[in-house]
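What follows is a single structure, written as structure tokens, with notes after it.
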Amino acid sequence: MPPIPNVHVVYDNRRVHRIDDRGNEAWSYKHARKRKTIKVSEQNPEIIRHIKDRLYKTAHKNKGFLGSQDRGMRFVTRAQFDNIITPEAVLQVVAKLACYQGLTARDHMQIAQDIYWGTEDGRRSPCRRLLASLIGTGNSEALGSIKTLIDEGLSDTCLPLLVKEVMEEDTLICAHHEHQHASINDMDLESRETFTALCRSFSVPFIKWKDGGKHCHYVLKSGGPLPMRGPLPMEKNDKMNEEGDFGEVFKVEIDPGDRDFDPEKNTNFFALKKLKKHGDSNGTSRADEFDLEIRSLIFAESRALKVPGPDDNGQTKRHLIQPLATFEVYDSNDPEPTFYFLFPLADCNLKQFWEKKRHDATREKHCGWMVEQFYLLAKALQCVHNERSLMIRSKRTDSNVFCRHGDIKPSNFLFFEDSQPGGLGRLVLGDFGMGRIHRKGSRSSQPAGERMATLSYQAPEFAKQDVVSLKTDIFSLGCVYLEHITWLLMGFEALDKFADARLETDPVYGFETDTFYNVSQSKDSVWLKEGVKRWIRDLKQHKDCVEVVYDLLEIIEHNMLEANHQNRINSVMLANNLEEVWIKWQRKDSLYGDRHWRESEIGSKAINRPNSSAKVLAISKELLWKQKANRASRRKIADNTTPNDHQNLPVKEITTVENPSGRFALERGKTFHWTMELELQSEDDSGSDRELSAERAEDIMTRVRALRRIKARERNDQDVNRFQKMDDISRSEGEPGSTGSR
């Protein structure tokens with residue numbers, strides 16, 4: 001059935017499988033058991049009391065989640081239940097019950113088989129949980145009524161029963177048969193309450209991750225508990241986010257017998273998020289809040305399959321948090337259901353990652369990992385935004401649906417250790433609690449005051465009370481990227497110094513804030529704080545700032561932290577720019593990560609002897625080296641050749657250039673530019689070295705930065721023109737799309 005207005009996405013059977021039988025059908029399919037003859041063992045005269053004691057002792061060890069109150073209802077896992085309620089135990093109980101006295105041993109065998117496996121013709125389901133719940137009441141009269149209850153059609157399929165008020169009295173109703181089984185309500189009130197609680201304890205859901213590619217949503221009309229031990233204690237560095245703005249996150253344990261999936265790491269621990277209720281002025285319910293978040297997660301995950309990572313093996317999807325299952329739990333003490341999300345358990349969030357991991361910008365592996373994570377997180381955000389690539393004409397039916405994350409900050413990025421030795425792990429974009437779905441033409445029209453992002457990382461649009469678009473996420477992401485580079489170069493303690501450098505009295509809020517921008521008193525103009533600009537400048541001059549980090553800082557400062565959202569880069573362009581940086585880093589024959597490229601050394605470094613001058617050339621590689629694709633030839637310059645005669649010389653292999661100033665090594669596939677070489681490398685007639693002045697070096701680097709910005713703007717202008725052409729084609733052909741924030 002296609003989705004219709006005002007109906008939640010969990011009713012969309014194209015994307016979601018609603019499960020209201022607690023996963024019993026899936027469990028039966030996975031654990032199919034053949035009916036067999038039960039082995040007759042020595043009769044235990046205390047078998048009923050023995051089973052009751054084992055059930056209660058086992059349940060006491062497992063504290064689960066019940067619903068809105070989380071009262072810690074006990075439960076028995078499916079594997080534990082099977083170890084207690086065995087075919088042999090059922091046979092011994094049947095032989096002792098008064099309602100089955102006077103029958104032959106063969107009749108007892110038949111009845112025990114029917115209770116354990118169901119009837120041979122399949123007309124009646126097993127009644128194991130029914131038998132165990134009656135034993136647990138401790139009421140022999142209630143246990144003796146099992147024959148009557150089975151004859152009335154009551155079985156494990158009916159359990160747990162719903163409690164409804166009928167004529168001012170709580171009555172047990174069978175949701176499966178949609179009527180009440182009369183005999184069960186003949187028990188006294190205390191026995192009925194105990195029976196109902198035990199039915200829930202013995203009927204925990206069996207959790208599936210995917211069902212035919214659909215998300216699994218469990219509806220527990222008769223209440224919990226969930227098959228999860230918890231909440232478990234979390235160590236300081238072993239937690240995701242104990243309590244966020246839109247939900248509480250708990251560490252829980254799930255037995256393998258209660259699920260049909262295995263996490264990447266061999267563990268039984270997961271993260272369970274309980275959604276909080278946020279009542280808005282427009283009267284949104286808890287179900288509305290849940291729908292916004294799960295819709296964002298499902299749509300983003302489906303789009304990630306169409307936006308592959310650099311090696312096309314599903315990397316982009318791995319950088320978006322993926323819900324394993326969701327639960328809708330009803331509780332008689334709450335008029336609204338409680339919603340839960342089950343996620344893989346992260347090792348920590350990004351803020352905790354900065355605190356517990358040792359920064360080391362001098363290690364090439366760590367720097368390359370940062371570049372890759374920045375690129376893949378931008379691709380993940382592109383999936384969330386549902387913005388199309390420049391060269392792809394989308395035919396998707398959801399191409400007019402857009403989503404905004406709304407609360408990008410370090411604690412909403414999760415870090416997962418790599419399951420393989422030697423790996424550095426991965427960062428994942430999570431917590432879509434503020435995510436908003438928009439249709440074509442509305443994705444830039446949400447008022448900024450409707451939902452406030454975390455103040456430190458919020459975009460200037462919030463302060464101006466301007467419309468909030470997808471580009472607000474880009475600004476927040478730039479803030480996080482800048483903090484990560486700060487951590488990489490300077491360590492965790494520098495993050496507090498960076499926050500202090502941003503502290504200024506905000507004219508909107510009237511108190512000091514550590515936002516990244518300033519706003520005028522009239523709220524008609526915004527700009528990047530001078531403290532942020534100085535901090536970026538200091539990072540560029542840091543002794544460990546290699547060229548790849550410098551390029552990332554350029555993208556962050558001039559593209560992502562643009563105060564005017566109309567001039568800010570979008571997620572597609574951001575992913576393209578970061579992909580260029582990532583590809584340059586991946587080149588094996590490049591000096592892109594050379595540690596001798598340090599802007600801070602230009603003014604103080606003396607020019608060495610001619611034979612060691614190749615080290616100095618790395619200072620301005622952007623002008624010294626320029627790649628010429630598909631142009632490769634080998635030439636050797638004679639000693640008497642002037643530099644100006646050989647600009648833009650394509651070189652196929654490592655070539656030695658002889659000139660009066662010394663020997664230079666040209667890289668494979670690069671072009672040599674003599675202009676900067678003449679500025680940096682010179683020698684007087686006496687053969688002594690000459691030091692480059694600080695003023696001259698600063699002038700050179702100013703021109704380098706200006707050239708970079710010009711090239712970046714040219715690329716962005718070309719991208720915008722291609723976007724406009726794509727939109728013109730879309731409008732002419734009637735293809736669903738949008739140009740709201742291109």
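Residue numbers run from 1 in the order of the sequence given.
One finds the CG atom of Leu275 at 10.5 Å from the CD1 atom of Ile294 (value rounded to the nearest 0.5 Å). Note: Lys529 NZ to Asp514 CG = 7.0 Å, rounded to the nearest 0.5 Å. Rounding to the nearest 0.5 Å places CG of Asp473 at 12.0 Å from CG of Asn570. The CD1 atom of Ile556 sits 8.5 Å away from the CG atom of Leu477 when rounded to the nearest 0.5 Å. Rounding to the nearest 0.5 Å places CG of Asn518 at 4.5 Å from CD of Glu504. Distance CG/Asn577 to CD1/Ile569: 4.0 Å, rounded to 0.5 Å.
Side-chain N/O atoms of His215 and Thr326 include a donor and acceptor closer than 3.5 Å. Donor-acceptor pairing under 3.5 Å is recorded for the side chains of Glu483 and Tyr457. Between the side chains of Trp354 and His359, no donor-acceptor pair is found at a separation under 3.5 Å. Using modelled atom types, one finds a donor on one side chain and an acceptor on the other under 3.5 Å when comparing Tyr517 with Gln458.
Residue Leu377 comes nearest to Leu429 through the heavy atom pair CD2-N, 4.1 Å, listed as atom of the first residue, atom of the second, then distance. Met560 and Gly478 get closest at one heavy-atom pair: CE-N, 3.3 Å. Residues Ala575 and Ala378 come closest through the heavy atom pair CA-CB, 4.1 Å. Considering every non-hydrogen atom in both Glu562 and Phe475, the closest pair reads O-CD1, 4.0 Å. Heavy-atom minimum distance, Pro460 versus Ala563: CG-O, 3.7 Å.
At least one donor-acceptor pair under 3.5 Å links the side chain of Asn412 to the backbone N or O of Asp407. The main-chain N or O of Phe374 is found under 3.5 Å from a side-chain atom of Tyr481 such that the two form a donor-acceptor pair.
Under 4.0 Å is where a charged nitrogen must lie from a carboxylate oxygen, and between Glu293 and Lys273 at least one such pair does. Using a 4.0 Å cut-off between charged side-chain N and carboxylate O, Arg286 and Glu289 make no salt bridge. Classification of Arg15 and Asp12 as a salt-bridged pair holds, one side-chain N sitting under 4.0 Å from a carboxylate O. Salt-bridge annotation for Glu557 and Arg568: absent, with no side-chain N of the basic residue lying under 4.0 Å from a carboxylate O of the acidic one.
You'll find the side chain of Val548 reaches within 4.5 Å of the side chain of Cys367, heavy atoms only. Between Phe413 and His319 the shortest side-chain heavy-atom distance does not fall below 4.5 Å. With contacts defined as side-chain heavy-atom distances shorter than 4.5 Å, the pair Gln322/Val428 does not qualify. Contact annotation: the side chain of Cys348 never approaches that of Leu414 to less than 4.5 Å [non-hydrogen atoms, C-beta and beyond]. Within the 4.5 Å cutoff, the side chain of Val549 has heavy atoms near those of the Leu489 side chain.
Annotation: cation-pi geometry satisfied between Lys540 and Tyr550 (NZ/CZ under 6.0 angstrom from ring centroid, within 45° of ring axis). Cation-pi geometry between Arg502 and Phe516 is met: the NZ or CZ atom falls under 6.0 Å from the ring centre, inside 45° of the normal.
Taking the six-membered ring for Trp and the full ring otherwise, the centers of Phe498 and Trp535 sit less than 6.0 Å from each other. Phe353 has its ring centre less than 6.0 Å from the ring centre of Trp369. Note: Phe343 and Phe270 fail the aromatic proximity criterion, with ring centroids not under 6.0 Å apart.
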Could you give me the CA-CA distance, side-chain angles and deciding distance for Ser456 and Thr515, then say whether side-chain contact (heavy atoms from CB on, under 4.5 Å) is met? CA-CA 5 Å; Ser456 299; Thr515 56; 5.9 Å; no

So Leu539 and Leu482, side-chain contact (heavy atoms from CB on, under 4.5 Å) or not? Walk me through it. CA-CA 10 Å; Leu539 290 178; Leu482 183 55; 3.8 Å; yes

Let me see the working for Leu574 and Gln382 under side-chain contact (heavy atoms from CB on, under 4.5 Å), right down to the final yes or no. CA-CA 9 Å; Leu574 175 62; Gln382 179 186 344; over 6 Å; no

Given Val526 and Asn564, is the side-chain contact (heavy atoms from CB on, under 4.5 Å) satisfied, shown in steps? CA-CA 7 Å; Val526 289; Asn564 186 345; 6.0 Å; no

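Checked against ring-ring contact (aromatic ring centres under 6.0 Å, His included), Phe339 has the following partners two or more places apart in sequence or in another chain: Phe290.
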